[in-house]
**Q** 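There's a structure below that I have some questions on.
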Amino acid sequence: ESGSERALYQSRFRQAVKSADCANIGTNSTCDSVTGYCSGTNNGVSCIAATPGSLSVKKNWAVSVGNETETTVTLAGGQSIQIDLFSPFQTSATQNLFQSFSVFSNLTSYTLYGELTNVTSLVPGVNLLCSSQQNIMKDFIFITNGQSPYLFALNGPQLIADCSYVLRISNTGVVSPSAGVFTVKLYKKAQNVDPINDQIDIPSRLIIASQAVYGNSQQIVRVHAPMRAPLSGLYDFVLFSEQEIVK
């Protein structure tokens with residue numbers, strides 16, 4: 001729990017990047033385990049340190065951070081989810097391999113509503129190709145046999161690699177919206193998609209694994225979270241444990 005709390009604190013309040021992203025910010029930059037900053041940034045960019053922390057456990061705990069390969073959410077009628085399809089720390093033209101997505105659900109026959117929006121135009125100085133694309137998709141998403149088709153810019157232009165897109169999925173239903181579990185996966189191809197080899201990570205979402213040995217057991221806590229906390233007046237994370245927490 002302490003490893004997760006430290007990583008979430010670094011991400012939320014220090015706007016820390018995962019260790020691997022340091023190389024995308026500075027040339028040959030790495031995450032300094034002592035200072036907790038990307039090297040070569042003059043302590044300007046914080047990173048989620050993977051080094052152990054010392055507690056009253058048999059061995060030190062360690063944290064590893066990567067990107068989610070998929071995002072799962074439970075949506076009741078009228079609820080929605082927004083997923084940033086870009087990394088806020090990466091400006092390279094190769095950062096956005098996303099070309100299509102698919103929605104999986106425990107509901108075998110259902111209809112959602114989706115919007116894919118280009119938000120690059122909100123940033124000054126973007127190239128004209130990005131600023132010319134606005135709403136790329138505004139359409140219903142039909143789930144049949146638990147999966148939607150592989151969707152991309154429906155009847156529109158191909159997505160541009162160095163543009164930033166946001167996907168919003170709403171559980172509007174058709175007549176009477178039902179609560180359901182929905183999983184979103186991204187792919188690097190728009191047609192003839194290989195569901196395994198063409199799947200890519202979600203660049204704006206993290207999976208944080210904290211591991212330690214206590215007594216005779218090895219325990220791991222995994223946290224799924226966006227890089228940037230949503231705007232909310234509520235606490236942005238709470239950890240529960242079935243056992244007594246030793247800190």
Side-chain angles (χ1 to χ4, degrees), residues 4 8 12 66-86 96-119 134-156 159 164-209 221-242:
S4 299
L8 286 170
R12 292 289 182 267
N67 287 106
E68 281 189 322
T69 57
E70 60 187 48
T71 294
T72 299
V73 63
T74 299
L75 296 179
Q79 293 183 334
S80 62
I81 180 175
Q82 177 175 304
I83 305 174
D84 295 338
L85 305 181
F86 60 92
N96 188 4
L97 300 176
F98 159 72
Q99 286 295 319
S100 65
F101 69 94
S102 185
V103 182
F104 299 78
S105 177
N106 62 327
L107 303 176
T108 57
S109 179
Y110 201 69
T111 302
L112 299 170
Y113 184 76
E115 292 185 3
L116 181 64
T117 306
N118 176 11
V119 296
Q134 299 299 325
N135 287 321
I136 311 301
M137 167 191 163
K138 296 179 70 174
D139 209 341
F140 289 105
I141 299 174
F142 300 102
I143 296 177
T144 304
N145 296 325
Q147 180 184 353
S148 75
Y150 297 101
L151 301 169
F152 69 117
L154 299 182
N155 301 318
L159 304 179
S164 301
Y165 301 97
V166 168
L167 175 64
R168 187 177 182 87
I169 295 176
S170 301
N171 183 6
T172 58
V174 178
V175 179
S176 178
S178 302
V181 179
F182 304 97
T183 299
V184 179
K185 299 181 182 181
L186 305 183
Y187 302 92
K188 62 183 179 182
K189 293 172 60 178
Q191 298 176 348
N192 302 319
V193 176
D194 184 325
I196 297 178
N197 295 323
D198 291 335
Q199 185 179 355
I200 60 176
D201 293 341
I202 300 176
S204 66
R205 295 191 61 87
L206 300 177
I207 178 169
I208 303 168
V221 175
R222 289 187 174 88
V223 176
H224 299 256
M227 282 187 176
R228 286 292 173 263
L231 296 178
S232 174
L234 302 177
Y235 296 107
D236 53 6
F237 68 88
V238 178
L239 296 177
F240 296 92
S241 175
E242 296 180 357

**Q** Is there a side chain to side chain contact (heavy atoms under 4.5 Å, CB included) between Ile83 and Leu186 once you walk through the steps?
**A** CA-CA 11 Å; Ile83 305 174; Leu186 305 183; 5.9 Å; no

**Q** Working to the nearest 0.5 Å, report the span between CZ of Phe98 and OH of Tyr165.
**A** 8.5 Å

**Q** Would you list the pairs meeting side-chain hydrogen bond (donor to acceptor under 3.5 Å, both in side chains) in which at least one residue belongs to residues 189-199, sequence neighbours left out?
**A** Asp194-Asn197

**Q** Which atom pair, heavy atoms only, marks the closest approach of Pro149 to Ser102?
**A** O-OG, 3.7 Å

**Q** side-chain contact (heavy atoms from CB on, under 4.5 Å) with Thr144: which residues, sequence neighbours excluded?
**A** none

**Q** Mind checking the CG-CD1 spacing from Leu107 to Ile143? Nearest 0.5 Å is all I need.
**A** 7.0 Å

**Q** Do Leu151 and Ser100 make a side-chain contact, defined as non-hydrogen atoms from C-beta onward lying under 4.5 Å apart?
**A** no

**Q** Under the side-chain contact (heavy atoms from CB on, under 4.5 Å) rule, collect the residues that match up with Val166, sequence neighbours excluded.
**A** Gln82, Asp84, Phe86, Val119

**Q** So does Ser105 get a backbone contact from the side chain of Tyr110, meaning a donor-acceptor N/O pair under 3.5 Å?
**A** no

**Q** Are Arg168 and Glu115 close enough for a salt bridge, meaning some N to O gap below 4.0 Å?
**A** no

**Q** Could you report the tightest heavy-atom contact between Met227 and Pro203, atom names first, then the distance?
**A** CE-O, 3.2 Å

**Q** Among Arg222, Lys185, Arg205, find the one that has a salt bridge (Lys or Arg N to Asp or Glu O under 4.0 Å) with Glu68.
**A** Arg205

**Q** Against Val184, only a single residue in Val73, Leu85, Leu167 fulfils side-chain contact (heavy atoms from CB on, under 4.5 Å); can you say which?
**A** Leu167

**Q** Tell me every residue that passes side-chain contact (heavy atoms from CB on, under 4.5 Å) with Phe142, counting only those two or more places apart in sequence or in another chain.
**A** Thr111, Phe140

**Q** To the nearest 0.5 angstrom, please state how far the OG1 atom of Thr117 sits from the NZ atom of Lys138.
**A** 7.5 Å

**Q** Taking all non-hydrogen atoms of both residues, which atom of Tyr113 and which atom of Thr172 are closest, and how far apart?
**A** CB-OG1, 3.9 Å

**Q** State, to 0.1 Å, how close Asp201 and Asn67 come at their nearest heavy-atom pair, and which atoms those are.
**A** CB-CB, 3.8 Å

**Q** How would you list, by chain and number, every residue that makes a ring pair (Phe, Tyr, Trp, His ring centres under 6.0 Å) with Phe182, sequence neighbours excluded?
**A** none

**Q** Let me see the working for Asn171 and Leu112 under side chain to side chain contact (heavy atoms under 4.5 Å, CB included), right down to the final yes or no.
**A** CA-CA 5 Å; Asn171 183 6; Leu112 299 170; 4.0 Å; yes

**Q** Of all residues at least two apart in sequence or in a different chain, which pass the side chain to side chain donor-acceptor pair (under 3.5 Å) check with Thr72?
**A** Thr183

